[in-house]
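These numbers come from a predicted model, not from an experiment. In each ligand, atom 1 is the first atom listed, and ligand 1 is the first ligand listed. In what follows, every heavy atom counts, from backbone to side chain, and hydrogens, waters and symmetry copies are set aside.
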Amino acid sequence: MKLLEGKVALITGGSRGIGEAIALKFAAEGAHIAFTYVSSDERAKALEEKLSAMGVQAKGYKSDAGDYAAAETLVNEIMTQFGTIDICVNNAGISKDNLLMRMTPEQWDDVLQANLKSIYNLSKQVIKPMMKNRKGSIINMSSIVGMKGNAGQSSYAASKAGIIGFTKSIAQELGSRNVRVNAIAPGFIETDMTHYLKDGGAEKWFEKIPMARFGKPGEVADVALFLASDMSSYVSGQVISVCGAMNT
Ligand code: NAP
């Protein structure tokens, strides 16, 4: 028996990086996959085909997670096409790094909207079927930067810290309905988002990481699988770091 046999998972930001790894891992465990993206049409199509070939129902939706009305439309469409939603991974995110003295109001707003308002938007919609079904797992992608802070990343850190407070609060609101809510806090993971860090050599970053390497998207997906499955049936309101001991 696979860990997510027949479950329906919504994964925001599934076209690349960590989201794509989660989609593939969940599908391999038998979940049907609805995922979102904003611009990567070709990558989304290719992923949709790859997931379908794994024998599960799969569809990519071009939908901005930061837009409340779009989130409502998205969840209605998924409910029509998939019948329910058992798991929601709020993974979509961006960074627009700058020192505070140079950060524009637009840069601040863009990051908060894509990273934090998105979590409100999607969670507000998916809890309807989950509360009705008396089961569900919401997994929010935070970051160790939300716990430690990082110079040049005040907007990103604020959004990721906000995710932790949101996660702990709604875990308390939804516990009696058997809807679990947890966050994952990755460290440096090898994706497009961190690609620029390798300019000038990745080794200088390894000095900050006790395990002396970046993580792989699949290593975050393994933790997401644990939180999505019944293996974590009494785990809610928690933040699990996946960071090679960078945040202890
Ligand atoms: P990535 O490679 O840059 O991929 C981002 C994904 O999010 C893409 O699929 C992108 O779609 C999608 N996306 C961006 N804005 C969106 C929006 N408004 N609505 C819907 N989809 C949107 O990023 P990643 O490194 O995999 O990061 C995934 C999550 O993990 C993010 O929340 C990030 O903050 C968090 N995280 C990453 C790291 C790391 O080291 N990589 C560390 C800590 C936390 P398109 O392809 O269409 O652009």
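Ligand 1 has an N or O atom lying under 3.5 Å from an N or O atom of Ala65, backbone or side chain. Between Thr191 and ligand 1, a contact under 3.5 Å exists for at least one N or O pair. Not a single N or O atom of Tyr37, backbone or side chain, sits closer than 3.5 Å to an N or O atom of ligand 1.
Compare Asp64, Ile189, Ile18 by their heavy atoms: the one nearest to atom 37 (C) of ligand 1 is in Ile18. One option in Ala114, Pro217, Gly17, Ala92 has a heavy atom closer to atom 22 (C) of ligand 1 than any other, and that option is Ala92. Comparing Lys62, Arg43, Met141, His195 by heavy-atom distance to atom 35 (C) of ligand 1, the nearest is Met141. The closest heavy-atom contact to atom 28 (C) of ligand 1, among the options Asn91, Ile94, Leu74, comes from Asn91.
Less than 4.0 angstrom separates some heavy atom of Ser143 from each of these atoms of ligand 1: 43 (C), 44 (C). Each of the following atoms of ligand 1 lies closer than 4.0 Å to a heavy atom of Thr194: 39 (C), 40 (O), 41 (N). Atoms of ligand 1 lying under 4.0 Å from at least one heavy atom of Ser15, given by number and element, are 8 (C), 9 (O), 11 (O), 45 (P), 46 (O), 47 (O). Below 4.0 Å from some heavy atom of Phe188 lie the following atoms of ligand 1, by number and element: 40 (O).
Heavy-atom separations between Lys160 and ligand 1 include at least one value shorter than 4.0 Å. Under a 4.0 angstrom heavy-atom cut-off, Ser142 registers as being in contact with ligand 1. Residue contact check for ligand 1: Tyr156 places a non-hydrogen atom closer than 4.0 Å to it. The shortest separation from a heavy atom of Gly187 to ligand 1 is under 4.0 Å, placing the residue in contact. In this structure, Ser63 has a heavy atom closer than 4.0 Å to ligand 1.
Under 4.0 Å is where a charged nitrogen must lie from a carboxylate oxygen, and between Arg213 and Glu219 at least one such pair does.
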(request) Show your working on side chain to side chain contact (heavy atoms under 4.5 Å, CB included) between Phe26 and Val56 and close with a plain yes or no. (result) CA-CA 10 Å; Phe26 282 15; Val56 299; over 6 Å; no
